[in-house]
2 protein chains.
Amino acid sequence: MSNDKISDKRHLRSVATRQKLLEAAKEVFLEEGFQKATISQMIKKANIGYGTAYVHFEGKEDLLCVLMENVMAQFYEIAEISFFPKSKDEAEQIINKQTYSFLKMAEAERNMMQIFEQAIGVSSVISDKWKAIREKFIQRISMDIAYSQQNGLARATLNDEIVARGWFFTNEMYLWEIVRNEHHHSVEEIATTITSLYATGLYL
Amino acid sequence: MSNDKISDKRHLRSVATRQKLLEAAKEVFLEEGFQKATISQMIKKANIGYGTAYVHFEGKEDLLCVLMENVMAQFYEIAEISFFPKSKDEAEQIINKQTYSFLKMAEAERNMMQIFEQAIGVSSVISDKWKAIREKFIQRISMDIAYSQQNGLARATLNDEIVARGWFFTNEMYLWEIVRNEHHHSVEEIATTITSLYATGLYL
DNA sequence: CAATGAATATGACACGATGTCAATATTATT
DNA sequence: AATAATATTGACATCGTGTCATATTCATTG
């Protein structure tokens with residue numbers, strides 16, 4: 001009766017095993033990568049019964065979704081950065097900051113982002129999660145471009161959505177390069193270079 | 001003795017079964033997608049013994065590699081388009097043409113490219129094939145940028161490789177959008193818009 | 001506090017896909 | 001005709017998955 005569920009011993013045990021499994025899953029994912037990782041490995045490492053895993057999660061994908069929740073939330077935060085520039089230079093400055101934050105996520109969360117990238121190629125559930133993030137960014141960027149065009153800062157002849165998608169694509173692909181540690185330049189240099197190219201191309 | 005292998009009945013039979021399997025594989029891939037497609041299905045459709053498949057190919061991935069050979073060759077051809085502009089306008093024109101050819105491939109080979117994209121996310125062999133194509137393009141674009149910079153046509157302050165990668169990434173992501181039929185604009189409009197943005201940003 | 005019921009955990013099982021291999025069949029050569 | 005080389009075959013072992021009937025643990029009720 002008191003505290004509803006908190007003091008329910010069964011519920012407490014349930015939460016604990018769920019947590020054990022999540023931690024084991026993270027370890028296995030990081031050791032094996034998404035594809036080679038198996039539920040069986042995670043179950044062994046978590047010291048629970050085989051069937052128990054399926055009580056708490058639907059499978060590998062579901063497990064990873066939960067493990068990536070906080071990272072995905074951070075992306076949504078970055079997408080929300082406000083954008084009301086009064087000049088071309090201010091616009092470039094804001095964009096540069098956003099791009100930098102975006103790419104820095106790749107470094108900060110590299111390990112799990114590597115798993116995430118592998119999973120995107122395999123699991124439609126995970127892929128959809130990332131697509132939602134992508135569309136969120138593109139929608140925001142489109143609005144930013146439209147705002148700049150209405151204020152006479154940006155070339156109005158260009159279709160905002162096409163530009164927004166193209167711009168995000170550059171950012172996204174660099175993100176994955178950095179995640180894979182395959183980038184040959186500093187994140188700062190990449191951010192400033194692509195931002196400069198973009199701002200010069202779009203703004204007047 | 002005559003014609004070495006052409007008139008070898010055994011060899012002829014071998015080539016025929018290999019071909020039967022390739023054709024069956026293509027059908028199954030297109031019906032089921034890369035992930036759901038199974039070797040067993042292909043074998044059944046080709047009317048050959050189970051083990052026979054593994055004599056000719058190492059597995060699904062290997063099969064798809066062969067099926068994509070001609071498409072991949074076409075990408076390499078597009079990458080080779082010569083680039084010696086004498087003005088900003090001429091540069092934009094050449095770039096637009098190349099981008100258009102590139103994106104048109106997505107439409108022309110949509111069905112198999114869809115399978116290819118799925119496979120890239122799953123198979124490291126296929127993924128490497130695409131990475132090689134990507135690096136080929138980026139290398140060529142880098143050279144083109146350096147050429148323009150040396151001739152005073154393009155902003156020399158920008159790092160050519162960073163710009164080249166960013167530019168190709170935009171192209172590539174649009175390619176996959178078109179492959180998936182998820183683009184909301186005509187290929188022409190996409191090509192001219194992103195080219196205009198790029199050329200304005202890079203050229204003087 | 002015993003008994004009943006609900007929530008949780010368990011592992012044996014059936015299924016489907018893969019790749020291998022010893023045996024077989026077909027064709028070439030001697 | 002015998003032998004060798006090449007190509008084909010399907011049964012088998014293996015592995016990962018997801019389900020489900022059963023068992024266990026805990027809460028509630030009379």
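Bear in mind that the values here come from a model prediction, so they are computed numbers and not experimental data. Residue numbers begin at 1 in each chain, while the letters A, B, ... track the order of the sequences.
For A/Tyr54, counting side-chain heavy atoms from C-beta on, the closest listed nucleotide (C/dT18, D/dT19, D/dT8) is D/dT19. Relative to the side chain of B/Asp8, the nucleotides D/dA11, D/dA7, C/dT27 differ in distance, and C/dT27 lies closest. Comparing D/dT8, C/dT18, C/dT27 by their nearest atom to the side chain of B/Thr52 picks out D/dT8. Candidate nucleotides C/dT18, C/dA9, D/dC26 were compared by shortest atom distance to the side chain of A/Lys9, and D/dC26 ranks first. Of the candidates D/dT17, C/dT10, D/dT8, C/dT10 carries the atom nearest the A/Val55 side chain, counting heavy atoms from C-beta on.
Of all heavy-atom pairs spanning A/Ile178 and A/His183, the tightest one is CA-ND1, 3.7 Å.
Checked by distance alone, B/Arg10 brings a side-chain donor or acceptor within 3.5 Å of a matching partner on the base of C/dT27. Between the base of C/dA9 and the side chain of A/Arg13 there is no donor-acceptor pair shorter than 3.5 Å.
When the side-chain nitrogen and oxygen atoms of A/Thr38 are compared with OP1 and OP2 of D/dC15, none of them lie within a distance under 4.0 Å. OP1 or OP2 of C/dA9 sits under 4.0 Å from a side-chain N or O of A/His56. Taking side-chain N and O atoms only, B/Tyr50 has no distance below 4.0 Å to OP1 or OP2 of D/dT9. Using a 4.0 Å cut-off, no side-chain N or O of B/Ser40 falls inside it from OP1 or OP2 of C/dA17. Between A/Thr17 and C/dA9 there is a side-chain polar atom (N or O) within less than 4.0 angstrom of OP1 or OP2.
With sequence neighbours left out, the ring-ring contact (aromatic ring centres under 6.0 Å, His included) criterion links A/Tyr50 to A/Tyr54.
A/Glu80 and A/Lys136 are joined by a salt bridge, as a carboxylate oxygen and a charged side-chain nitrogen come within less than 4.0 angstrom of each other. Taking the charged nitrogens against the carboxylate oxygens, A/Glu107 and A/Lys104 do have a contact shorter than 4.0 Å, which makes a salt bridge. A salt bridge links B/Glu161 with B/Arg165: at least one charged nitrogen is closer than 4.0 Å to a carboxylate oxygen.
Summarising the geometry, the separation between CG on A/Asn47 and C1' on C/dT10 is reported as 14 Å, rounded to the nearest angstrom. Atom P of nucleotide C/dA12 and atom CD1 of A/Ile43 are separated by 13 Å, given to the nearest angstrom. Note: CZ (B/Phe57) to C1' (C/dT18) measures 17 Å, nearest angstrom. C/dT18 atom C1' lies 15 Å from atom NZ of B/Lys44, rounded to whole Å. Rounded to whole angstrom, the span from the CG atom of A/Leu21 across to the C1' atom of C/dT10 amounts to 14 Å.
When the C1' atoms of four end pairs are superposed on the next four at each end of the helix from C/dC1-D/dG30 to C/dT30-D/dA1, using five pairs per end, the two resulting axes differ in direction by 20°, to 10°.
Along DNA chain C, the nucleotide closest to A/Ala53 and the one closest to B/Gly59 are compared, and the more 5′ of them pairs with A/Ala53.
Ring geometry for A/Tyr203 versus A/Tyr198: interplanar angle over 60°, hence perpendicular rather than tilted (30 to 60°).
A/Glu117 places no side-chain N or O within 3.5 Å of a backbone atom of A/Trp176 that could act as its donor or acceptor partner.
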